[in-house]
Amino acid sequence: MAAPADPGEIYDFFRLAEAEGVVTGPLPARVAVATADGAAGRAVALSTAELAFAARVAWRNQARCIGRLYWRSLRVRDCRAVTNSVGMYTALCEHLELATRDGDIRPVMTVFAPAERGHAGPLIRNRQLVSYAGYRERGAVLGDPLNCALTAEALALGWEPPEVRTAFDLLPWILLGRDERPALYPVPRSLVKEVSLSHPTLPWFRELGLKWYAVPVVCDMALRVAGTEYPAAPFSGWYMGTEIGSRNLADEGRYNLLPVVAEKMGLRTETPTSLWKERALVELNAAVLHSFAAAGCRIVDHHTASEEFGRFCAQEQAAGRDVSAAWDWIVPPLAGSATPVFHQPMCDFGLRPEFVRGPQAP
Ligand code: ARG
């Protein structure tokens with residue numbers, strides 16, 4: 001549902017786009033039309049070039065992202081004409097294909113129709129295009145606890161999970177077109193690349209039977225440009241290893257694997273002073289980086305990513321722009337103080353255009 005857009009936000013966007021050389025037509029006329037559209041609750045009209053610029057700048061502005069050095073390389077697919085779930089399904093399959101390239105991952109964003117008065121859709125219910133089911137079974141969870149609610153929703157819509165459920169069952173897509181009816185689509189398995197995890201020196205690691213998918217395609221954030229929101233605007237880059245090794249597989253609220261790995265390593269888990277959590281984290285992260293590299297799948301380690309973030313900041317400064325950044329998100333969840341970003345003061349200014357949490361987030 002679109003509320004009247006703030007004229008200041010509209011003006012600021014077109015000024016920025018003009019300053020960076022992408023506005024079509026004289027600025028005052030564009031701002032006047034856009035302000036009238038915004039006031040009426042209509043989506044502000046943008047050219048394809050302006051939309052692509054907005055998407056790239058939303059990435060450049062994303063205070064929580066360490067990987068912004070590559071913001072110019074984002075490939076933006078203008079799918080604003082797509083309003084039904086069948087069309088969305090086709091475009092999302094193409095997104096996976098264009099982004100994955102068998103491991104030679106490229107940043108991609110697909111933008112569907114904007115939110116307009118009286119319409120909730122188009123919308124993607126999944127947090128990410130590729131994700132694993134979480135089954136709540138007698139107090140315990142099989143799979144990814146993050147996705148329990150969505151798994152229940154898919155089951156209620158008639159999804160048939162594999163006969164033998166595992167901790168890594170791919171979730172189907174729940175897509176809403178303008179008709180606002182949730183429609184279930186099977187995930188196109190042949191387009192999903194996954195990496196089985198093994199360790200460079202610990203042979204038993206492979207027997208844990210762990211894996212993760214190659215491409216994170218974030219679907220639960222809306223792109224906001226000049227007061228208009230695009231609630232279905234999935235985007236993807238490549239992983240930083242710690243996202244998988246320190247968080248997805250290690251967090252207590254996720255796969256919670258530190259006790260399992262520590263036990264296999266023969267560590268003393270009765271006392272925190274044995275640093276068993278740190279040791280298990282290191283080996284889990286080593287396995288992720290090693291396995292992705294062995295599978296020919298692009299991934300960045302947190303030391304390289306921190307160094308690249310430094311280059312991004314220098315580039316921005318040279319262009320006369322301040323970098324908006326959230327320290328608690330930028331500092332990696334492993335070796336924090338051993339990376340340069342730990343020692344860098346940061347401030348989140350809330351720049352626009354931006355990505356905002358979508359309505360599907362709990
Ligand atoms: N942290 C999320 C995950 O582990 C992915 C967020 C986007 N990450 C990225 N490297 N583009 O799945």
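Each ligand, and each atom within it, is numbered from 1 in the order the structure gives.
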Give the numbers and elements of all ligand 1 atoms closer than 4.0 Å to a heavy atom of [X].
X: Asn248; value: 3 (C), 4 (O), 12 (O)
X: Gln128; value: 2 (C), 3 (C), 5 (C), 12 (O)
X: Tyr239; value: 3 (C), 4 (O), 10 (N), 12 (O)

Take every heavy atom of [X], measure it against each atom of ligand 1, and state whether any distance is under 4.0 Å.
X: Trp238; answer: yes
X: Tyr213; answer: yes
X: Arg247; answer: no

Please determine if [X] and [Y] form a salt bridge, counting it only when a charged side-chain N lies under 4.0 Å from a carboxylate O.
X: Arg298; Y: Asp104; answer: no
X: Glu283; Y: Arg279; answer: no
X: Arg60; Y: Glu316; answer: yes

Considering only non-hydrogen protein atoms, determine which one is nearest to atom 6 (C) of ligand 1 and report residue, atom name and distance to 0.1 Å.
->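 Atom 6 (C) of ligand 1 sits closest to the protein heavy atom Glu243 OE1, 3.3 Å.
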Quickly, which of Tyr213, Tyr135, Tyr132 forms a ring pair (Phe, Tyr, Trp, His ring centres under 6.0 Å) with Phe168? Name it, please.
->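 It is Tyr132, the one option of Tyr213, Tyr135, Tyr132 that forms the ring pair (Phe, Tyr, Trp, His ring centres under 6.0 Å) with Phe168.
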With respect to Tyr70, which candidate in Phe309, Trp238, Phe312 satisfies the ring pair (Phe, Tyr, Trp, His ring centres under 6.0 Å) definition?
->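 For Tyr70, the ring pair (Phe, Tyr, Trp, His ring centres under 6.0 Å) check succeeds only for Trp238.
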Asn285 and Ser246 side chains, donor-acceptor separation under 3.5 Å =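 Yes, because at least one side-chain N or O of Ser246 sits under 3.5 Å from a partner of the opposite role on Asn285.
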